[in-house]
A.B. asks: 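Got a structure for you, written out below as structure tokens; questions coming shortly.
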There are 2 protein chains.
Amino acid sequence: MRLVVARCSVDYAGRLSAHLPLATRVLMLKGDGSILIHSDGGSYKPLNWMSPPCTLSQVELDDDQTAAGVQQVWQVTHAKTADTLVVSIFEILHDSSHELGVDPGLVKDGVEAHLQKLLAEQIEHLGDGHRLVRREYMTAIGPVDILARDASGGAVAVEIKRRGDIDGVEQLTRYLELMNRDPHLAPVQGVFAAQEIKPQARTLAEDRGIRCLVLDYDAMKGVDSGRPTLF
Amino acid sequence: MRLVVARCSVDYAGRLSAHLPLATRVLMLKGDGSILIHSDGGSYKPLNWMSPPCTLSQVELDDDQTAAGVQQVWQVTHAKTADTLVVSIFEILHDSSHELGVDPGLVKDGVEAHLQKLLAEQIEHLGDGHRLVRREYMTAIGPVDILARDASGGAVAVEIKRRGDIDGVEQLTRYLELMNRDPHLAPVQGVFAAQEIKPQARTLAEDRGIRCLVLDYDAMKGVDSGRPTLF
DNA sequence: AGTTTTATCTCGATA
DNA sequence: TATCGAGGTAAAACT
């Protein structure tokens with residue numbers, strides 16, 4: 001990631017043509033070759049940009065550009081569509097590079113968070129006599145969605161997904177390994193709960209002694225907070 | 001404009017809830033209070049953000065946060081919707097501020113301009129034997145989009161709109177009145193060209209002897225600059 | 001100013 | 001891999 005603050009003008013030719021007159025702006029050059037041109041306002045959308053996959057190259061200046069005071073010209077070309085972005089730099093006011101590494105990415109909590117809340121409230125879905133210990137039970141490698149105790153007092157760890165895939169089973173397996181080393185918890189029963197569980201995930205889970213539980217989101221919503229559905 | 005590179009985690013609560021685990025990212029703080037959180041990849045869309053109008057405030061740390069190694073917590077709250085973005089900063093790797101000034105903004109060759117360009121290039125859409133005199137033909141009350149000559153040399157004035165409404169017909173009528181006073185041009189035939197022509201506009205135009213022409217933008221784009229479409 | 005349409009849309013999910 | 005639909009859509013055009 002390279003951050004440049006510069007007086008520049010920009011020309012884009014692609015799906016449409018666009019031009020940015022000379023002004024001071026922030027240029028964000030990402031590791032994948034893409035570039036964003038931001039002003040000090042507006043929304044998250046840049047004034048102009050080039051999406052990956054693309055390549056940036058520095059262009060030789062012609063006499064007109066030199067006479068106009070241009071110091072550098074960057075040409076960013078899209079690998080597939082041949083869209084081009086030309087940045088004419090008149091003055092660089094700041095220039096720094098930073099190693100960011102790969103981002104773990106955004107975790108969206110919509111239905112999944114709601115499912116967790118509902119199952120915690122309606123813990124009887126796990127089986128008769130179950131009671132909630134806590135949501136987001138913290139372990140060294142992250143929080144387990146729900147920790148409960150069954151009728152005989154045995155620990156139950158629940159991983160909740162909207163769509164139950166193999167990844168979710170692997171995740172729960174890691175939690176179970178860790179939790180089963182804790183003498184206060186072991187033995188811990190695993191429950192993989194989801195609105196829909198893929199056959200492969202179910203096979204893997206059951207092979208590992210993890211119980212699968214399909215949740216009916218709408219039905220659980222209907223008795224949300226103990227208030228039965230009106231319809 | 002303040003640029004910060006930091007190890008941080010981010011939580012957003014608004015229309016949805018979202019969480020960004022601890023990682024190194026770029027924080028762009030704009031003059032209007034808005035904030036963008038970018039990783040070193042993806043497209044122009046930030047991982048997370050807050051749009052203006054919003055305010056940023058620094059929050060006191062609680063014991064848990066201090067114990068976890070948090071150095072600063074920023075809370076950004078939207079002025080209207082009360083959406084909040086909480087940035088927990090563990091380490092600041094870069095921090096710089098820059099005066100950018102007001103941006104003159106993007107100049108776009110929009111769709112209407114593009115339609116004009118396309119029709120000028122494909123002037124045969126006006127009819128066999130037509131040839132372009134010039135685009136943006138200047139008159140005392142403003143430029144006519146296209147001036148052409150038909151097969152017999154008669155002047156043709158074209159008004160182009162994306163959506164052909166009565167206003168456009170009135171506008172063309174004024175131009176025609178003026179141009180028909182010019183002995184070098186008169187008599188001038190009017191053509192009202194648009195992607196879509198409203199029935200009222202068509203009725204008015206034809207009542208005034210103005211020809212209506214519906215343009216197929218996509219088809220015209222397909223032969224843009226003489227380069228035929230590949231599909 | 002409120003509403004509708006567009007977008008260099010982006011982005012995820014699905015067949 | 002192409003296609004479809006939603007988006008914290010945002011932003012422009014139109015009523």
Side-chain angles (χ1 to χ4, degrees), chain A residues 10-20 30 32 34-39 41-54 76-87 103 105-113 161-165 167 195-196 198, chain B residues 10-20 30 32 34-39 41-54 76-86 103 105-115 160-168 194-196 198 200-201 217-218 221 224 231:
Chain A
V10 183
D11 289 274
Y12 168 78
R15 195 73 65 87
L16 56 71
S17 301
H19 174 73
L20 284 170
K30 295 195 174 188
D32 53 13
S34 61
I35 181 171
L36 316 185
I37 295 147
H38 270 281
S39 63
S43 68
Y44 69 67
K45 194 177 179 181
L47 294 166
N48 219 324
W49 71 93
M50 185 63 76
S51 313
C54 62
V76 189
T77 308
H78 196 273
K80 292 183 175 178
T81 63
D83 290 11
T84 56
L85 188 73
V86 177
V87 184
D103 201 280
L106 189 70
V107 181
K108 279 189 186 178
D109 307 327
V111 175
E112 185 171 321
K161 291 288 176 197
R162 199 162 59 82
R163 287 174 46 203
D165 226 321
D167 288 352
Q195 271 188 283
E196 170 199 354
K198 294 281 171 68
Chain B
V10 183
D11 290 274
Y12 167 77
R15 190 72 65 90
L16 57 72
S17 301
H19 173 73
L20 284 170
K30 296 195 173 189
D32 53 14
S34 60
I35 182 170
L36 317 185
I37 295 147
H38 271 280
S39 63
S43 69
Y44 68 69
K45 193 177 178 181
L47 293 168
N48 222 324
W49 71 95
M50 186 63 76
S51 315
C54 61
V76 190
T77 308
H78 195 274
K80 293 181 175 179
T81 63
D83 290 11
T84 55
L85 189 72
V86 176
D103 200 280
L106 190 69
V107 182
K108 267 192 191 179
D109 261 346
V111 174
E112 185 166 324
H114 200 188
L115 267 177
I160 299 170
K161 291 286 175 198
R162 204 160 54 80
R163 287 174 50 200
D165 225 325
I166 283 186
D167 289 353
Q195 279 187 273
E196 168 200 353
K198 295 279 172 68
Q200 292 179 10
Y217 180 60
D218 291 329
K221 224 173 28 174
D224 191 1
F231 309 101

A.B. asks: Take atom NE2 of A:H38 and atom P of D:dA10, then tell me their distance rounded to the nearest Å.
C.D. replies: 14 Å
A.B. asks: Determine whether the aromatic ring of A:W49 stacks with the base of C:dT8, defined as ring centroids separated by less than 5.5 Å and ring planes inclined by less than 30°.
C.D. replies: yes
A.B. asks: Do A:V10 and A:L85 pass the side-chain contact (heavy atoms from CB on, under 4.5 Å) test, and can you show the C-alpha distance, the side-chain angles, and the key distance before you say yes or no?
C.D. replies: CA-CA 7 Å; A:V10 183; A:L85 188 73; 3.6 Å; yes
A.B. asks: To the nearest Å, give me how far apart CG (A:L36) and P (D:dA10) are.
C.D. replies: 17 Å
A.B. asks: Within the structure shown, what part of the strands sits under 4.0 Å from B:M50 by heavy-atom distance: base, sugar-phosphate, or nothing?
C.D. replies: base
A.B. asks: What contact category does A:Y44 fall into here, base, sugar-phosphate, or nothing, at under 4.0 angstrom with non-hydrogen atoms?
C.D. replies: sugar-phosphate
A.B. asks: Starting at CG of B:L47 and ending at P of D:dT9, how long is that distance when rounded to a whole Å?
C.D. replies: 18 Å
A.B. asks: Heavy atoms under 4.0 Å, any strand shown: does A:S51 hit a base, just sugar-phosphate, or nothing?
C.D. replies: sugar-phosphate
A.B. asks: Using Watson-Crick or G-U wobble geometry with both distances below 3.5 Å, tell me the partner of C:dT8, or none.
C.D. replies: none
A.B. asks: For A:H78 and A:S51, which heavy atoms make the closest approach, and how far apart are they?
C.D. replies: CD2-O, 3.2 Å
A.B. asks: B:D83: which residues meet the salt bridge (Lys or Arg N to Asp or Glu O under 4.0 Å) condition with it, sequence neighbours left out?
C.D. replies: none
A.B. asks: Taking all non-hydrogen atoms of both residues into account, name the closest pair between A:S39 and A:L47 and its distance.
C.D. replies: CB-CD1, 3.5 Å
A.B. asks: Provide, to the nearest angstrom, the distance between the OH atom belonging to A:Y12 and the C1' atom belonging to C:dA7.
C.D. replies: 11 Å
A.B. asks: Taking only N and O in the side chain of B:S43, is any of them less than 4.0 Å away from OP1 or OP2 of C:dC11?
C.D. replies: yes
A.B. asks: Tell me whether the OP1 or OP2 atom of C:dA7 has a side-chain N or O from A:K45 closer than 4.0 Å.
C.D. replies: no
